[in-house]
Amino acid sequence: MAQFFMLENHQVYADAAEVARYLGYKKSNPPDSTVLSEIKSCISEMKEVITPKAVYEKFDLTVSGQNKISFADLSFVSSDLSRNLKGCSQVIIFASTIGPGPDALIRKAQIQNPAKAAVFQATGAMFIESFVDNLNETLEQEAMDFDLSARPRFSPGYGDVPLDMQKDFFRLLPCSKIGLTLMNSLIMAPEKSVTAFVGLC
């Protein structure tokens with residue numbers, strides 16, 4: 001049965017250094033005070049409109065010869081995901097989003113201030129990753145309750161797992177209940193959203 005995970009916007013950790021990293025800055029070349037001020041302003045503005053939500057479900061898992069992976073009604077081959085799930089007896093699939101608010105801020109800024117829109121893009125990437133880290137911590141704790149450990153998350157579109165597998169996530173999970181849709185291009189709306197596998201071993 002699918003389960004839901006939600007946080008209040010103020011519960012999602014905001015990391016200005018991570019926004020700077022998404023913008024291309026390095027520790028050896030940090031943003032100047034003007035850019036850092038813009039980053040902090042965008043973080044403050046976006047934090048007011050994020051609505052962090054996720055849905056996930058756990059399935060029994062089989063990983064057999066020739067990198068064949070089977071769970072739910074799915075059976076497919078992936079060498080990359082097989083390595084990630086090696087030794088696991090269960091898999092969690094999840095879909096997560098920080099809602100439509102960030103997309104609206106980005107669209108508005110693209111018209112009025114393209115430079116700020118770039119900072120908003122990086123800020124949205126930071127917030128969705130931060131929220132998914134929160135979700136991961138919850139899944140890891142749940143796994144520990146059953147004397148299991150959780151593997152690092154692995155998303156469709158990485159390695160040899162096709163992005164087309166998004167369709168299976170949306171078929172198996174009630175993604176619409178967290179306001180998430182999948183477009184024909186296989187891009188999710190809202191844009192700042194993540195799907196992933198998490199193996200339990």
Side-chain angles (χ1 to χ4, degrees), residues 1-7 9 12 18-19 21-24 42-43 45-59 69 71-78 80-81 84-85 91-136 139 152-199:
M1 181 180 295
Q3 299 185 65
F4 295 89
F5 176 76
M6 301 178 189
L7 292 179
N9 54 0
V12 182
E18 190 70 359
V19 176
R21 187 181 71 82
Y22 279 116
L23 287 169
C42 287
I43 286 174
E45 196 171 344
M46 187 170 284
K47 195 163 193 174
E48 292 299 311
V49 301
I50 63 172
T51 51
K53 299 177 183 179
V55 60
Y56 64 96
E57 188 164 353
K58 180 169 61 179
F59 299 93
I69 299 166
F71 68 91
D73 58 359
L74 289 174
S75 186
F76 60 97
V77 173
S78 166
D80 293 325
L81 186 56
N84 179 275
L85 298 177
V91 65
I92 291 170
I93 61 170
F94 73 75
S96 59
T97 183
I98 53 172
D103 289 1
L105 287 179
I106 292 166
R107 284 194 300 270
K108 183 178 178 180
Q110 284 171 337
I111 297 169
Q112 299 178 347
N113 187 342
K116 186 174 184 178
V119 180
F120 270 141
Q121 283 280 11
T123 303
M126 176 276 294
F127 270 126
I128 183 59
E129 287 299 317
S130 182
F131 173 55
V132 171
D133 286 343
N134 286 128
L135 172 60
N136 265 128
L139 298 180
R153 62 183 181 266
F154 194 106
S155 291
Y158 286 93
D160 62 358
V161 178
L163 190 59
D164 189 70
M165 189 154 280
Q166 299 275 49
K167 295 177 182 177
D168 293 304
F169 276 70
F170 276 73
R171 182 174 57 81
L172 293 170
L173 296 172
C175 295
S176 62
K177 290 188 176 181
I178 60 168
L180 197 54
T181 59
L182 185 67
M183 296 183 284
N184 290 335
S185 62
L186 302 178
I187 301 300
M188 291 181 285
E191 180 183 341
K192 302 306 179 187
S193 304
V194 169
T195 57
F197 304 88
V198 176

Show every donor-acceptor pair shorter than 3.5 Å between a side-chain atom in residues 176-185 and any protein atom, with sequence neighbours excluded, or say none if there are none.
residue : atom : partner : partner atom : Å
Thr181  : OG1  : Ala189  : O            : 3.3
Ser185  : OG   : Ile187  : N            : 3.4

key: Residues in salt bridge (charged side-chain N to carboxylate O under 4.0 Å, His left out) contact with Glu191, at least two apart in sequence or another chain   =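 Glu191 satisfies salt bridge (charged side-chain N to carboxylate O under 4.0 Å, His left out) with no residue once adjacent residues are dropped.
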Salt bridge (charged side-chain N to carboxylate O under 4.0 Å, His left out) partners for Asp80, two or more places apart
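Per chain and number, Asp80 pairs via salt bridge (charged side-chain N to carboxylate O under 4.0 Å, His left out) with Arg83.
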Shortest non-hydrogen contact from [X] to [Y]?
{"X": "Phe169", "Y": "Ala196", "value": "CE2-O, 3.4 Å"}
{"X": "Lys192", "Y": "Asp103", "value": "N-OD1, 4.0 Å"}
{"X": "Asn134", "Y": "Val12", "value": "OD1-CA, 4.1 Å"}
{"X": "Leu23", "Y": "Ala118", "value": "CD2-O, 3.6 Å"}
{"X": "Pro174", "Y": "Ala2", "value": "CD-CB, 3.7 Å"}
{"X": "Leu173", "Y": "Ala95", "value": "CD1-N, 3.8 Å"}

What's the verdict on side chain to side chain contact (heavy atoms under 4.5 Å, CB included) for Tyr22 and Thr123, showing C-alpha distance, side-chain angles and the deciding distance?
CA-CA 8 Å; Tyr22 279 116; Thr123 303; over 6 Å; no
Polar side-chain atom of [X] near backbone of [Y] as donor-acceptor pair, under 3.5 Å:
{"X": "Asn84", "Y": "Pro152", "value": "yes"}
{"X": "Ser130", "Y": "Met126", "value": "no"}
{"X": "Ser96", "Y": "Val194", "value": "yes"}

Tell me, do [X] and [Y] make a side-chain contact under 4.5 Å, heavy atoms counted?
{"X": "Phe197", "Y": "Ile92", "answer": "no"}
{"X": "Phe154", "Y": "Val198", "answer": "no"}
{"X": "Leu172", "Y": "Leu74", "answer": "yes"}
{"X": "Thr195", "Y": "Ile93", "answer": "no"}

I would like to know whether Val132 and Phe94 meet side chain to side chain contact (heavy atoms under 4.5 Å, CB included); could you show each step before the answer?
CA-CA 10 Å; Val132 171; Phe94 73 75; 3.7 Å; yes
Do Arg153 and Glu129 sit within salt-bridge range, that is, some charged N less than 4.0 Å from a carboxylate O?
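Salt bridge: yes.
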Parallel, tilted or perpendicular, as decided by the 30° and 60° cut-offs, for the rings of Phe131 and Phe5 =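 Phe5 vs Phe131 ring planes: parallel.
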Q) With under 30° as parallel and over 60° as perpendicular, where do the rings of Phe76 and Phe71 fit, or are they tilted in between? A)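 Taking Phe71 first and then Phe76, their aromatic rings stand perpendicular (interplane angle over 60°).
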Atom pairs and distances, donor-acceptor, side-chain atoms in residues 48-58, under 3.5 Å, two or more places apart:
residue : atom : partner : partner atom : Å
Tyr56   : OH   : Glu142  : OE1          : 3.3
Tyr56   : OH   : Glu142  : OE2          : 2.8
Glu57   : OE2  : Met1    : N            : 3.1

Tyr158 atom OH: more than 12 heavy-atom contacts under 6.0 Å:
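Incorrect, the count does not exceed 12.
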Could you list all the side-chain hydrogen bond (donor to acceptor under 3.5 Å, both in side chains) pairs where at least one residue sits in residues 104-117, not counting sequence neighbours?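 Sorted result for residues 104-117: Glu45-Lys116.
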Once side chain to side chain donor-acceptor pair (under 3.5 Å) is applied, do any residues pair with Ser78, and if so which ones, sequence neighbours excluded?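 Side chain to side chain donor-acceptor pair (under 3.5 Å) check on Ser78 returns Asp160.
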Carefully, step by step, assess Asp164 and Leu186 under the rule side chain to side chain contact (heavy atoms under 4.5 Å, CB included). CA-CA 7 Å; Asp164 189 70; Leu186 302 178; 4.1 Å; yes
Problem set entry | Asn9 vs Phe127, side chain to side chain contact (heavy atoms under 4.5 Å, CB included): CA-CA, chis, key distance, verdict | CA-CA 10 Å; Asn9 54 0; Phe127 270 126; over 6 Å; no
